[in-house]
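These numbers come from a predicted model, not from an experiment. Atoms within a ligand are numbered from 1 in the order they appear, just like the ligands themselves.
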Amino acid sequence: MPASTIIATWPFGQTAVRAAMPLARQGRPALDVAIAGAQAVEDDPAVNSVGYGGLPNAIGTVQLDACVMDGRTLSCGGVAGLENVRHAAALARRVMERTPHVLLVGEGARTFAVKEGFPLDTLLTPDSLAEWRKTRPKPARAPRQQQERDPGDTSHDTVTVLVQDQKGSLGGVCTTSGLAHKLPGRVGDSPLIGSGLYVDDTAGAAGATGVGEEIIRVGGSFFIVESMRQGRSPQEACELAVRRVHSVAARRGVHPARVAFIALDPKGRTGAACTPRTNFQYAVSQGDKVQLLKAPEIER
Ligand code: SD4
């Protein structure tokens, strides 16, 4: 059997990769492997940007965004603005498997979770509340400034996990509490198929992290997968997407906010790239080896 490949965003991607590896070794399908990895990060209260312990929005409520996609069939599902449910990625999978829909939001997503037997939880922790209080923007801050904040800002980190299983199929998950201090109801790229995640066995898989508004504008993950379909390597495709983010930001007269992409192609090759000063690291496992790599920062 060929070795499976797992790639996940940020240093906490190592937690995802390590939790996912045993399932990959058992020959489980890519989506099972990716969800197991993402869930380990959702459950970790020390990660203040995903699931339990995620940083709350402007009024102190944790609202989660997540999606999943199966590269064999392009089946996909997502939840956005989800409150009180820790396992947003698993719920996104239920949306995919048990409804005719792709995306459920807000109260509808929570009601669906209850119907599916997911426990309701308080997602705030004493630490995330303290961090929220400390980093709360001054009231005068306008939404536009918040959107185009300093790229060095570290208040947002999503876990995106891409997997190629032993049969060669691809699957992916993207899950986050989104931008800290976001407006209530704000939806980022993470639950949007094509923006935070896109997976197609016939071309490759891609995922994103960073300021969602920038990623949505360029359809980031779909852009990368289609670039791989046209023959680019995962690395080239990620770099091209960052260049696209730059050119769109230039047209708008702003510097691009912090954005990073990862990609995996059907040959098991990986790639990653980010905007300047993002300091983006990602975890990769091929077989038994786990590595933490730093993505190149693309200037323009
Ligand atoms: C969002 N893309 O809500 C997410 C946040 C993130 O690294 O990925 N941060 O915009």
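Close contacts of ligand 1 with D189, meaning ligand atoms under 4.0 Å from a residue heavy atom, involve 1 (C), 2 (N), 4 (C), 10 (O). Less than 4.0 angstrom separates some heavy atom of T158 from each of these atoms of ligand 1: 2 (N), 4 (C), 5 (C), 6 (C), 7 (O), 8 (O), 9 (N). Against a heavy-atom cut-off of under 4.0 Å, S190 is close to the following atoms of ligand 1: 2 (N), 4 (C).
D70 and S75 form no side-chain donor-acceptor contact under 3.5 Å, judged by distance and modelled atom types alone. No hydrogens or angles considered: a donor-acceptor pair under 3.5 Å links the side chains of N84 and R110.
Heavy atoms of R186 found under 4.0 angstrom from ligand 1 belong exclusively to the side chain.
Between the side chain of D200 and the main chain of G204, no donor-acceptor pair closer than 3.5 Å is present.
Taking only nitrogen or oxygen atoms, main chain and side chain alike, D65 does not reach within less than 3.5 Å of ligand 1. At under 3.5 Å, a nitrogen or oxygen of T209, whether backbone or side chain, sits near a nitrogen or oxygen of ligand 1. Taking distance alone, with nitrogen or oxygen atoms compared against 3.5 Å, T176 stays at or beyond that limit from ligand 1. Annotation: G212 places an N or O atom under 3.5 Å from an N or O atom of ligand 1; distance criterion only. Between A208 and ligand 1, a contact under 3.5 Å exists for no N or O pair.
Ring geometry for W132 versus H181: interplanar angle under 30°, hence parallel rather than tilted (30 to 60°).
E239 pairs by the salt bridge (Lys or Arg N to Asp or Glu O under 4.0 Å) definition with nothing, not counting sequence neighbours. With sequence neighbours excluded, no residue satisfies side-chain hydrogen bond (donor to acceptor under 3.5 Å, both in side chains) with R136.
For CZ of R244, the number of neighbouring non-hydrogen atoms (other residues, nucleotides, ligands) closer than 6.0 Å is 12 at most.
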